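Below: one structure, written as structure tokens.
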Amino acid sequence: YINEQGGIHGRQLRVIVEDDQYQPSKTVAAVKKMVEQDKVFALVNVVGTSNLSAVQDYLMQRGVPVVFYSTGSTKFQDPVNPYFFAGLMPYDLEAKILVRYGVETLGVSKFAVFYQNDDFGKDGLKGAREAVAALGAQIVAEVAHSPADVDVSAHVLKMKEAGAEAVLVWGTVKHGALALMEAAKIGFEPKWMMSSVTATFQLPELAEGAAEGVYTVGVNATLDETDHPVVKSYL
């Protein structure tokens, strides 16, 4: 569509896609290939905090801009990086929004945080801690997981035994779904409140019916918002 309108300042767009499989070592190889062999002008929609961290210094040295990167980690925004343009709101702000909604609208006072043990998850945990302190609520369990974990039964049991009325999830769609299914098995029924990372149609598919009632942060228009001017243009 953009090329048909004459491109951008006369330049025609060409899209090159590489899959790093959410593995930072593969991000490095893919990005170096695109920059040094394909001679890309910019990277678009790099996904993952650890992934982008792995190439941050390299891209800054090369002067390659990153547009609409898909991580809300504050490490790419503070201090301001002139080559990095965020596609998500900061994760700590997302957490504060969810905690406030939980306390003021849902009447929750006891939260658990199920977070990925890296900069991504820790930003969500930081925002949750600050929000509960300001709102007079409490975090009764802080439970970390690894991106490689495939069994979260112990994690979910710990949150249930702590008496959590709501669970904040700062992890991938996969781990959000695993937690939902495990909770359903043991009769754990908190309010589930998740980062925008899980705000995708994949969540109910992967959770096999256990995702009913999940709250997420939405930062973009969705395709069923057909009156939205950007959605109209896209469709």
Side-chain angles (χ1 to χ4, degrees), residues 49 71-74 88-118 120-147 149-222 224-225:
T49 301
T71 164
S73 176
T74 54
L88 301 177
M89 75 167 76
Y91 289 136
D92 59 348
L93 178 57
E94 285 189 7
K96 291 175 183 178
I97 289 169
L98 286 174
V99 170
R100 180 172 292 279
Y101 187 79
V103 172
E104 296 183 350
T105 304
L106 303 179
V108 172
S109 62
K110 296 179 180 179
F111 292 84
V113 184
F114 179 57
Y115 67 98
Q116 188 164 293
N117 195 17
D118 59 11
F120 160 42
K122 289 174 184 176
D123 267 349
L125 176 62
K126 173 178 173 286
R129 285 174 175 169
E130 293 174 357
V132 297
L135 294 166
Q138 62 178 315
I139 295 175
V140 295
E142 297 178 356
V143 183
H145 67 274
S146 161
D149 288 343
V150 293
D151 181 358
V152 298
S153 55
H155 306 67
V156 174
L157 181 61
K158 182 177 181 180
M159 294 187 287
K160 180 183 180 182
E161 290 178 342
E165 300 164 343
V167 174
L168 295 163
V169 176
W170 246 257
T172 64
V173 177
K174 176 180 116 176
H175 287 93
L178 286 172
L180 289 168
M181 290 189 292
E182 186 60 37
K185 288 180 190 174
I186 63 173
F188 181 37
E189 299 180 347
K191 303 293 186 185
W192 290 93
M193 314 185 81
M194 302 192 182
S195 162
S196 62
V197 170
T198 69
T200 162
F201 295 116
Q202 289 178 307
L203 184 66
E205 293 170 3
L206 292 173
E208 299 176 359
E212 184 70 30
V214 169
Y215 295 89
T216 65
V217 177
V219 295
N220 305 310
T222 57
D224 58 359
E225 296 178 65

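Throughout, residue positions are numbered sequentially from 1 according to the sequence presented. Because the structure is a prediction, the values reported are computed rather than measured.
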Under 3.5 Å, which donor-acceptor pairs do the side chains of residues 162-175 form with other protein atoms, sequence neighbours left out?
residue : atom : partner : partner atom : Å
E165    : OE1  : S109    : N            : 2.8
E165    : OE1  : S109    : OG           : 3.3
E165    : OE1  : K110    : N            : 3.1
T172    : OG1  : K174    : N            : 3.4
T172    : OG1  : H175    : N            : 3.4
T172    : OG1  : H175    : ND1          : 3.2
H175    : NE2  : S146    : O            : 3.3
H175    : NE2  : D149    : O            : 2.8

Under 3.5 Å, which donor-acceptor pairs do the side chains of residues 152-160 form with other protein atoms, sequence neighbours left out?
residue : atom : partner : partner atom : Å
S153    : OG   : D151    : OD1          : 2.8
K160    : NZ   : I186    : O            : 2.6

Can I get a per-line list of side-chain donor-acceptor pairs under 3.5 Å for residues 196-208, giving both atom names and the distance, sequence neighbours left out?
residue : atom : partner : partner atom : Å
S196    : OG   : E94     : OE2          : 2.6
T198    : OG1  : S195    : O            : 3.0
T200    : OG1  : Q202    : N            : 3.1

For D118, which residues count as a salt bridge (Lys or Arg N to Asp or Glu O under 4.0 Å) partner, sequence neighbours excluded? none

Got a second to check how far I97's CD1 is from D92's CG, nearest 0.5 Å? 10.0 Å

Qualifying salt bridge (charged side-chain N to carboxylate O under 4.0 Å, His left out) pairs, either residue in residues 130-139, two or more places apart: K96-E130, K126-E130

Apply side chain to side chain contact (heavy atoms under 4.5 Å, CB included) to E212 and list each qualifying residue two or more places apart in sequence or on a separate chain. none

Go through the structure and list residues passing side chain to side chain donor-acceptor pair (under 3.5 Å) with E142, not counting sequence neighbours. R129

Step by step, work out the side chain to side chain contact (heavy atoms under 4.5 Å, CB included) result for T222 and N220. CA-CA 6 Å; T222 57; N220 305 310; over 6 Å; no

Residue pair S73 / T49, side-chain donor-acceptor N/O under 3.5 Å: no

Any idea which heavy atoms bring Y91 and T71 closest together, and the distance? OH-CA, 3.2 Å

Could you pull out all residues at least two apart from E104 that satisfy side chain to side chain donor-acceptor pair (under 3.5 Å)? R100

For E161, the side chain to side chain donor-acceptor pair (under 3.5 Å) test, sequence neighbours excluded, returns none

Those residues that, when tested against L106, pass side chain to side chain contact (heavy atoms under 4.5 Å, CB included) (two or more places apart): Y101, V108, K191, M193, Y215

By side chain to side chain contact (heavy atoms under 4.5 Å, CB included) - contacts of E189 (at least two apart): none

Can Y115 and H145 be said to form a ring pair (Phe, Tyr, Trp, His ring centres under 6.0 Å), step by step? CA-CA 6 Å; Y115 67 98; H145 67 274; 7.5 Å; no

State which residues pass side chain to side chain donor-acceptor pair (under 3.5 Å) with T74; sequence neighbours excluded, sorted by chain then number. D123

Between F111 and V99, is a side chain to side chain contact (heavy atoms under 4.5 Å, CB included) present by the stated rule, with each step listed? CA-CA 8 Å; F111 292 84; V99 170; 4.1 Å; yes

